[in-house]
A.B. asks: 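Got a structure here, written out as structure tokens. Questions coming.
In the text below, chain A, chain B and the rest are named by the order of the sequence lines, each starting its count at 1.
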Protein chains: 2
Amino acid sequence: MANKTNFFIRNKNSILYGLILALLLFLMKWLELRYVVINHSFEIYAGAIAIIFTALGIWLALKLTKPKTSTIVVEKPVFIQKEDAFVLNKKEVERLGLSNRELEVLTLLAEGLSNQEIAQRLFVSLNTIKTHTSNIFEKLAVKRRMQAVELAKSLQLIPQ
Amino acid sequence: MANKTNFFIRNKNSILYGLILALLLFLMKWLELRYVVINHSFEIYAGAIAIIFTALGIWLALKLTKPKTSTIVVEKPVFIQKEDAFVLNKKEVERLGLSNRELEVLTLLAEGLSNQEIAQRLFVSLNTIKTHTSNIFEKLAVKRRMQAVELAKSLQLIPQ
DNA sequence: AGTAAAATCACCCGAAAGTATGAGCTTGAA
DNA sequence: TTCAAGCTCATACTTTCGGGTGATTTTACT
């Protein structure tokens, strides 16, 4: 880090205040030699110094406390669509009495595959898939594959 | 509000500091009468006052300034997963060359309705709906109604 | 070993979906 | 007026879907 080179820059304010302080003292010394001190009591002089330097101290403190308040950031990230990890609604699965294989078929159904394609995908016969789909429709109480998929998605049986 | 009754309580600190200030001045006056001032130069005395009251001012300022606002970064993830107002993706509609009627049929298709039901809903014949669906599948380059609905949803052609 | 649930497969039949082709009608723009 | 696009409808045909029934095999559990 370049601490040494930055020293005067970073302490610029402190140095400046020190100079002002010295200047003020010098000014008072000069005033003392003239007409002020001679004619007034010492208490007034001391009180003036106290007041002035109290004010200076307050001013210094207020100015020098630089990390006054770091900005409070209120973040409001708004996610419109959430594609987070799919969690199976096991309660509904159990309630409907759907088997694992039926859920599997349901998933492929949702992909828009035909029964024939599903059969090939699962290495079983077309008739098997037809039996599965029939059972699925029965358990879901729907008439068509489209409705089955819609219902399954809304019930969190298959990923959206 | 009970401003009057709370005055002394609220300004307790200020009053205390004022008393301390007076006490310090009195202490200095007492010291002056004794051995300090007599034997030392006035500059030293003034300097001491300046330093003490500068420190006092700083201390006052730090104490009196309201408690530093602590920096708190609050993260609030807000999930708006429900379907906000559906906006039609007109660009895609135009690109695919879909007519209004076809979009209408597509919407009903997504509800899981059969061709016959769609026909009754739109007061047209079954054959008309079959023509529409065929054209839709052609334009969307899909083979089945399920795939058409999936694609239409992902392209924002119909509400989710 | 016995049993119940799940998974597999087959056959039939009717309904629905999808393909292909042609055509009438309306409307808005060139 | 002509023309293109959109909407409508029809006929014919093929494919897929869905319902119903029955049967065998696998798996898991008692």
A.B. asks: Given atom CG of B:N135 and atom C1' of D:dC9, what is their separation to the nearest angstrom?
C.D. replies: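 Interatomic distance, CG of B:N135 to C1' of D:dC9: 13 Å.
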
A.B. asks: With the side chain counted from C-beta on, respond yes when B:T133 and B:I118 share a heavy-atom pair under 4.5 Å apart, and no when they do not.
C.D. replies: no

A.B. asks: Could you state the CG-C1' distance from A:L126 to C:dA7, rounded to the nearest angstrom?
C.D. replies: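 Rounding to the nearest Å, CG of A:L126 and C1' of C:dA7 are 16 Å apart.
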
A.B. asks: Give a yes/no on whether any side-chain N or O of A:S134 is located under 4.0 angstrom from OP1 or OP2 of D:dC17.
C.D. replies: no

A.B. asks: Between C:dC11, C:dA7, D:dG18, which nucleotide gets closest to the side-chain atoms of A:N127?
C.D. replies: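 For the A:N127 side chain, the nearest candidate turns out to be C:dC11.
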
A.B. asks: What is the bend of the helix from C:dA1-D:dT30 to C:dA30-D:dT1 when you compare the axis at one end with the axis at the other, using five pairs each and rounding to 10°?
C.D. replies: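 Result, rounded to 10 degrees: 50°.
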
A.B. asks: Which listed nucleotide (C:dG18, C:dA7, C:dC9) is nearest to the side chain of A:T131?
C.D. replies: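 Comparing C:dG18, C:dA7, C:dC9 against the side chain of A:T131, the answer is C:dC9.
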
A.B. asks: Verify the contact: side-chain N or O of B:R145 to OP1 or OP2 of C:dG18, cut-off strictly under 4.0 Å; return yes or no.
C.D. replies: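 Looking at the OP1 and OP2 atoms of C:dG18, one of them is under 4.0 Å from a side-chain N or O of B:R145.
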
A.B. asks: Using every non-hydrogen atom in the two residues, find where B:I158 and B:V149 come nearest and quote the distance to one decimal.
C.D. replies: CD1-O, 4.1 Å

A.B. asks: Round to a whole Å and report the spacing from CD1 of A:I129 to C1' of D:dC17.
C.D. replies: 13 Å

A.B. asks: Can you measure from CG (B:L98) to CG (B:L96) and round to the nearest 0.5 angstrom?
C.D. replies: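 Here the interatomic distance stands at 5.0 Å.
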
A.B. asks: Can you check the A:M146 CE to D:dC17 P distance for me, whole Å?
C.D. replies: 13 Å

A.B. asks: Could you check how far CD of A:Q147 sits from C1' of D:dG18, rounded to whole Å?
C.D. replies: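 After rounding, the gap between these two atoms is 12 Å.
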
A.B. asks: Quick one: label B:T128 by what it contacts on the DNA or RNA (base, sugar-phosphate, nothing), any heavy atom closer than 4.0 Å.
C.D. replies: base

A.B. asks: Nearest whole Å is fine: how far is D:dT27 C1' from A:E102 CD?
C.D. replies: 15 Å

A.B. asks: Just how far, in rounded Å, is P of C:dA7 from CG of A:L106?
C.D. replies: 13 Å

A.B. asks: Can you tell me which residue among A:R145, A:H132, A:Q120, A:K130 is in a side chain to side chain donor-acceptor pair (under 3.5 Å) with A:N115?
C.D. replies: A:R145

A.B. asks: Between atom CZ of B:R121 and atom CG of B:L113, what is the distance when rounded to the nearest 0.5 Å?
C.D. replies: 5.0 Å

A.B. asks: Please name the pair of heavy atoms, one in B:E104 and one in B:L122, separated by the smallest distance, quoted to 0.1 Å.
C.D. replies: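 Looks like OE2-CD2, 3.7 Å.
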
A.B. asks: What pair of heavy atoms forms the shortest contact from A:E150 to B:K153, and how long is it?
C.D. replies: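 Of all heavy-atom pairs spanning A:E150 and B:K153, the closest is OE2-NZ, 2.9 Å.
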
A.B. asks: Nearest nucleotide by nearest heavy atom, which residue falls closer to the 5' end of DNA chain D, B:R144 or B:K139?
C.D. replies: B:K139

A.B. asks: Looking at A:H132, I'd like to know whether one of its side-chain N or O atoms comes within less than 4.0 Å of OP1 or OP2 on C:dT8.
C.D. replies: yes

A.B. asks: I need the NZ-P distance between B:K130 and D:dC17, as an integer number of Å.
C.D. replies: 15 Å

A.B. asks: Can you tell me how far apart CD (A:Q116) and CG (A:L126) are? Round to the nearest 0.5 Å.
C.D. replies: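 The distance works out to 5.0 Å.
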
A.B. asks: Taking 4.0 angstrom as the limit, do A:R144 and B:E117 come out as a salt bridge?
C.D. replies: yes

A.B. asks: Heavy-atom contacts under 4.0 Å between residues 108-125 of chain B and DNA chain D, which residues?
C.D. replies: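 Contacts with DNA chain D under 4.0 Å: B:V124, B:S125.
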
A.B. asks: How far does CD1 of B:I129 sit from CZ of B:R101, to the nearest 0.5 angstrom?
C.D. replies: 6.5 Å

